[in-house]
Amino acid sequence: MTNLVDTVLILIILTNLMLLGSSRLRTCIFVVAMQGILLGALALLTENSGLTIHLILLPTVIICLKGIIFPFLLFRTLRDLNVQHEVEPFVGYGTSLVLSPLVLVVCIWLGSQLSLPVEAISSLVVPAAFFSIACGLFLIISRKKALTQVLGYLVLENGIYVFGVSIATKQPVLVELGILLDVFVAIFVMGIAIYHINREFDHTDVDRLNKLKG
Amino acid sequence: MHLERIINLLLVIVLSPLIFGIINRTKAIFAGRTGQPLLQSYYDLWKLFNKGAVYSQTTSWVFRLGPIVGLAVVFATATLVPLGRLPAVIAFDGDIILFAYLFGLMRFFTVISALDTGSAFEGMGASREVMFSALAEPAFLIGLAAISAQRHSLSLTGMFTGADTAFGAYILPVQLLVSFSIFIVFLAENSRIPVDDPNTHLELTMIHEVMVLDNSGPDFGFITYSSALKMWLLGAVLVGVLVPSNGNVWIDMSLSVVSIFVLAVLVGIVESSMARLKLLRVPQLLLIANALSILALILVLR
């Protein structure tokens, strides 16, 4: 069982690496969708209180939202946007890939230093969570297209969720569903905002947005 | 015990050219052709060994040395690699380093003999070969280091034939990460698609084939044979990482041989379904291999 959880967590780390290394926005959205499905699997695996409504509802909602609806919304935005590639990011793909193992080492060290009130199901949970959070933040900082930043936000949120799995297994369903609803609305609004930015200014490069005077 | 070692060596020497036949047959099936006979590479080798060699007047003894040293080195490497549970002829602590750097030596001699011809074209191939292998080498060594740390052994024979190789003692994610990383290195080192296309001749983007354009006759036979051996040996390492053993020496041996042939089919499928990457994208692929290896090492040492 722990082996299976570990495998899912490593796959989550691998999806983060793929995000850091790929320039095609289509691939990036696809990878984030896979990450969402992996999160659903993680929610399914960490539940140990038998067959409850929690067990069925939460993974289903996560997989539907993060694996299907978000990618669908983002693909639709991408189609309207007329951009396919992230061009000239602030930090290149090769550099990002070389830096990421170092960050992972730091995350593992942090995970070993952190004393949690409850025992995590696997010693890899906290590193994977921190690594996702770090990757999300890094994507937001180092990429120029607004869509990649939305993806960064999603990855960041995924990381927080993985962290939640390790310490808050007794969280009520309602709270988790509330968080998911928040994220859903955020992605929805961001998609619309990006669409409007693109229609007004013909690009979505966020580093050029501060030059705009309304 | 000695019998097993000798059988291992014999398998390498006899069966390795068959890999090319299997790859070509897979590609032929994908393309809807009948394809060349499975044993074509043996016929080619026989033909080449019966020819005379032609040497350009601008070349020196360095050029003639290249293929011979390459074959000698790859034979030396063959004595270090176990297959399934068949131990290698020679095994000692730290032979993983010797294994990696014997291939380095072989590459060095291929490169200087290519440079010796004085052709600008071959120089370009040599520079690419060296650059890509410089990126592939850390991925390979770090990946092997991860397996070595996991199985508490510093020699290839200890790593792949020890007691820890049974399926029960498996840490699946590590095995998968390392074998994927070594698979990328395998494709790069043996100059297959997506790093290099072995079928293109006289194209500006080729890497390995361009370095041996001036070799002919037995020399070219040596080069073809040593690249077949190299492919088998790297494949044996990959199979050693991924395929668990089940105790019986002979079942393990046949399982490993079949796995190497499955690997050849896999290479054929990759070659039929992918285009070669742009040269600028190849380092990125190798960096991914590096990242996977480092990740595996971190997971083992954690």
Side-chain angles (χ1 to χ4, degrees), chain A residues 1-24 27 31 38 41-42 45 85-86 88-89 91-113 120 122-128 130-132 135 138, chain B residues 131-132 134-143 145-147 149-150 164 166-181 183-185 188 194-195 242 244 274-275 277-302:
Chain A
M1 193 65 179
T2 318
N3 217 339
L4 213 55
V5 173
D6 271 355
T7 310
V8 171
L9 288 169
I10 287 165
L11 285 175
I12 290 177
I13 293 175
L14 281 182
T15 49
N16 287 331
L17 287 180
M18 277 174 80
L19 267 181
L20 290 178
S22 61
S23 74
R24 294 180 57 152
T27 319
V31 170
L38 286 173
L42 192 64
L45 287 174
H85 287 269
E86 173 80 43
E88 293 181 2
V91 183
Y93 306 106
T95 324
S96 316
L97 277 177
V98 171
L99 287 177
S100 53
L102 301 178
V103 177
L104 187 60
V105 171
V106 173
C107 290
I108 287 179
W109 178 77
L110 272 179
S112 67
Q113 296 297 306
S122 150
S123 58
L124 213 58
V125 169
V126 180
F130 280 158
F131 188 61
S132 295
C135 283
F138 184 77
Chain B
M131 183 180 93
F132 292 155
L135 289 169
E137 205 170 88
F140 186 70
L141 274 178
I142 294 170
I147 300 293
Q150 183 195 357
D164 299 348
F167 196 74
Y170 237 49
I171 307 177
L172 196 60
V174 175
Q175 253 69 30
L176 284 180
L177 288 174
V178 173
S179 49
F180 192 68
S181 163
F183 184 61
I184 295 177
V185 172
V195 174
L242 193 58
M274 274 182 84
L277 288 178
K278 277 193 290 184
L279 268 181
L280 291 174
R281 298 267 299 176
V282 173
Q284 209 175 325
L285 182 74
L286 293 172
L287 280 180
I288 291 172
N290 276 301
L292 294 180
S293 285
I294 294 171
L295 183 57
L297 186 62
I298 291 172
L299 288 176
V300 174
L301 293 182
R302 170 171 63 98

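Just so it is clear, the model here is predicted, and its values are computed rather than measured. In the text below, chain A, chain B and the rest are named by the order of the sequence lines, each starting its count at 1.
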TODO: Answer with side chain, backbone, both or neither: which region of Leu292(B) has an atom nearer than 4.5 Å to a non-hydrogen atom of chain A?
DONE: side chain
TODO: Tell me, for Leu177(B) versus chain A, whether the close heavy atoms (under 4.5 Å) come from the side chain, the backbone, both or neither.
DONE: side chain
Task: Residues in residues 91-98 of chain A that sit under 4.5 Å from chain B, counting heavy atoms only - done: Tyr93(A), Gly94(A), Leu97(A), Val98(A)
Task: chain B contact via Leu124(A) - which portion, at a heavy-atom distance below 4.5 Å - done: both
Task: Engaged part of Leu20(A) at the chain B interface, taking heavy atoms whose separation is under 4.5 Å - done: neither
Open item on the list: My understanding is that only residues two or more places apart in sequence, or in another chain, count here; which of them pass ring pair (Phe, Tyr, Trp, His ring centres under 6.0 Å) with Phe183(B)?
Closed with: none
Open item on the list: Testing the basics here: between Leu242(B) and Gln175(B), what is the closest heavy-atom pair and its distance to 0.1 Å?
Closed with: CD1-O, 4.2 Å
Is there side-chain contact between [X] and [Y], with heavy atoms separated by less than 4.5 Å?
X         : Y         : value
Glu137(B) : Val185(B) : no
Leu295(B) : Ile13(A)  : yes
Leu277(B) : Val195(B) : no

TODO: Step through the shown structure and confirm whether more than 12 heavy atoms of other residues, nucleotides or ligands are within 6.0 Å of CE on Met18(A).
DONE: no
Open item on the list: Please determine whether the number of non-hydrogen atoms from other residues, nucleotides or ligands lying under 6.0 Å from atom CZ of Phe138(A) exceeds 12.
Closed with: yes
Task: Straight-line distance of Ile184(B) CD1 to Asn290(B) CG, nearest 0.5 Å - done: 9.5 Å
